[in-house]
2 protein chains.
Amino acid sequence: MTAMARAATTSDAFNAIAEPQRRDILALLRTGERPVTDLARELGMSQPQASKHLRVLREVGLVRFRGAGKQRLYGLDARGLRPIHEWVGGFERFWNESFDRLDTYVQELKQTQQEE
Amino acid sequence: MTAMARAATTSDAFNAIAEPQRRDILALLRTGERPVTDLARELGMSQPQASKHLRVLREVGLVRFRGAGKQRLYGLDARGLRPIHEWVGGFERFWNESFDRLDTYVQELKQTQQEE
DNA sequence: CAAACGCGTGCCCATATAGGCATATGATGA
DNA sequence: TCATCATATGCCTATATGGGCACGCGTTTG
């Protein structure tokens, strides 16, 4: 256990929503529960793909499902998004300031360029 | 270009803040600008580590720096967090509903357990 | 009971990290 | 110009994906 790679995607909601397709799934589920196949079709991904993403979302608690015949209806459980909203919200006053700061900033030192 | 791995961490803010240490850096920078070494020390990470995380944050535009002598003062540019806040905010009414839904849910089908 | 359907998994591949370390770069000052 | 301080990078390793595919399983139907 010397070197570590990126934190497991299943570790928390932050990681779970870092993947675009998973964000799409969550967004679509706001409309209501859906079986895997439907989700896959509506979002243009393969069934295995959908299942895998759903698994991650399930493991961090952002979705849940209930069996419905041979299908599994997945539904949203947005509670896990709240902590994220709050964390990001902690920067709210900064993204407003930013502009001003940046201006002062730019004038302040026109040349200490921050290229790539 | 057949198989793809996770989206590059440098691709967007969502990925950038998926890493805990980077979130720590952003949080610390709310206090004000800081040179790399300070950041590293205050957050208990190596200098190279700090530099690397700062690079990612820089590439997605969440931080910027200005040269100050032989140092580089890194500062927060939270504007990039706004889109995230808005995306997550789009689920706000759901994380309140969730509880109720979940209750109904639980009673509704006590046994279609969603284990592991 | 067999065929069909809906899902979840295992396996293989190509990538993209995080970290630790050593070293290249830049800027500053003697 | 050279030594020094502050950072940025390159390299190597162990992991963790994300996708495609084939297949195993449980449920439903015929």
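Naming: A, B, ... by sequence-line order, numbering from 1 per chain.
- Nearest to the side chain of A:Arg72, among D:dG18, C:dC7, D:dC21, sits C:dC7.
- Taking atom CD on B:Glu19 and atom C1' on C:dT17, their separation rounds to 10 Å, with Å as the unit.
- OP1 or OP2 of D:dG20 has at least one side-chain nitrogen or oxygen of A:Ser46 nearer than 4.0 Å.
- Residue B:Lys52 places a side-chain atom within donor-acceptor reach of the base of C:dG20, judged by atom type and a 3.5 Å distance cut-off alone.
- Rounding to whole angstrom units, CD of residue A:Glu33 and C1' of C:dG6 are separated by 16 Å.
- Taking the six-membered ring for Trp and thresholds of 30 and 60 degrees, A:Phe14 and A:Trp87 have ring planes more than 60 degrees apart, a perpendicular arrangement.
- Counting only heavy atoms from C-beta on, B:Pro35 has its side chain closest to D:dT7 among C:dC7, D:dT7, C:dG19.
- Listed candidates were D:dC21, C:dG19, D:dA6. Nearest to the side chain of B:Gln71 is D:dA6.
- Under 3.5 Å, the side chain of B:Gln47 and the base of D:dA8 form at least one donor-acceptor pair of N or O atoms.
- What separates CZ of B:Arg58 from P of D:dT9 is a distance of 6 Å, to the nearest Å.
- Of the possible donor and acceptor atoms, none in the side chain of B:Arg34 sits under 3.5 Å from a partner among the backbone N and O of B:Leu39.
- Residue B:Tyr74 has no polar side-chain atom (N or O) positioned under 4.0 Å from OP1 or OP2 of D:dA6.
- Rounded to an integer number of Å, the gap from A:Leu57 CG to C:dC7 P is 16 Å.
- Taking CG of A:Leu26 as the start and CG of A:Leu57 as the end, the distance is 5.0 Å to the nearest 0.5 Å.
- A donor-acceptor pair is defined here as one N or O able to donate and one able to accept, closer than 3.5 Å; such a pair exists between the side chain of B:Glu19 and the backbone of B:Gln21.
- When distances are taken from the side chain of A:Val36 to each of C:dC7, C:dG19, D:dA6, the shortest belongs to C:dC7.
- Rounding to whole angstrom units, CZ of residue A:Arg22 and P of D:dT17 are separated by 8 Å.
- To the nearest angstrom, P of D:dA8 lies 10 Å from CG of B:Leu39.
- Checking C:dG19, C:dA27, D:dG26 against the side-chain heavy atoms of B:Lys70 singles out C:dA27 as nearest.
- Between the CZ atom of B:Arg66 and the C1' atom of C:dA27 there is a distance of 16 Å, rounded to whole Å.
- Looking at heavy-atom distances under 4.0 Å, A:Pro48 makes contact with a base.
- Contact annotation: B:Arg55 reaches the phosphate of D:dT9 (side-chain N/O to OP1 or OP2, under 4.0 Å).
- Of the possible polar contacts, one joining the B:Arg30 side chain to the A:Gly90 backbone as a donor-acceptor pair under 3.5 Å is found.
- The residue A:Ser51 sits close to a base: some heavy atom pair falls under 4.0 Å.
- Atom P of nucleotide C:dT9 and atom NE2 of A:His53 are separated by 15 Å, given to the nearest angstrom.
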